[in-house]
Amino acid sequence: MQLLTPGGEEEALAEEVEEGLNAAEAANLLRIEASIIEEAKTIFKNSEVLDHIFSSGKATELEIGGRTILIEPELLFSGMTLFEENGFVLGKSSV
């Protein structure tokens, strides 16, 4: 994952996009952002379960907050989105 660099080109582009939003689009964006935050909170409430699965070393499929989450402790990447499954994969470097 690449983060935005303060003052970088990505930040300038994000500001241009924000300035171009009308009130309805901005309100919708805020709703989407709020739902993402709530979903992340739901997943992190299960952090003990996730820790146990990673410690066991066994690949496991979970459903948390309506999302399919595949825990793959042996994979060397941090994660990957599963669009069709409405979920994602968490690999070894995500913890």
Side-chain angles (χ1 to χ4, degrees):
M1 171 191 276
Q2 187 175 15
L3 300 176
L4 295 179
T5 307
E9 290 179 31
E10 297 93 349
E11 186 176 288
L13 179 59
E15 287 175 10
E16 286 179 30
V17 170
E18 279 184 26
E19 290 172 7
L21 295 178
N22 64 36
E25 292 169 326
N28 188 49
L29 183 58
L30 289 174
R31 279 192 296 278
I32 292 168
E33 290 172 342
S35 72
I36 292 168
I37 290 167
E38 287 306 310
E39 188 172 333
K41 286 179 181 177
T42 300
I43 292 168
F44 283 113
K45 284 180 185 175
N46 294 282
S47 64
E48 289 180 18
V49 173
L50 297 176
D51 289 342
H52 175 73
I53 293 168
F54 274 104
S55 296
S56 76
K58 293 183 179 180
T60 305
E61 181 175 328
L62 303 172
E63 185 171 321
I64 300 175
R67 295 268 182 218
T68 299
I69 302 172
L70 300 176
I71 311 297
E72 297 283 351
E74 298 302 315
L75 295 179
L76 300 178
F77 59 84
S78 60
M80 175 175 65
T81 302
L82 300 171
F83 289 105
E84 288 187 27
E85 294 84 356
N86 191 31
F88 52 90
V89 177
L90 291 176
K92 188 177 200 170
S93 64
S94 67
V95 291

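When hydrophobic clusters are built by joining Ile, Leu, Val, Met, Phe, Trp and Tyr residues whose side-chain heavy atoms come closer than 4.5 Å, directly or via intermediates, V49 is grouped together with L90. I69 and M80 are members of different hydrophobic clusters when ILVMFWY side chains are connected at heavy-atom separations under 4.5 Å. The same ILVMFWY cluster, assembled from side-chain heavy atoms under 4.5 Å apart, contains both F77 and L70. Linking ILVMFWY side-chain heavy atoms closer than 4.5 Å, directly or via other members, places F88 and I64 in a single hydrophobic cluster.
Counting only residues at least two apart or in different chains, side chain to side chain donor-acceptor pair (under 3.5 Å) contacts with residues 47-61 are absent. Among pairs with a residue in residues 77-92, none fulfils salt bridge (charged side-chain N to carboxylate O under 4.0 Å, His left out), at least two apart in sequence or across chains.
In this structure, P73 and G57 approach most closely via the heavy-atom pair CG-C, 3.7 Å. Across every non-hydrogen atom of S93 and S78, the tightest pair is OG-N, 3.0 Å.
Residues forming a side chain to side chain donor-acceptor pair (under 3.5 Å) with N86 (at least two apart in sequence, or on another chain): R67.
One distance of note links CG of L50 with CD1 of I71; it measures 5.0 Å at 0.5 Å rounding.
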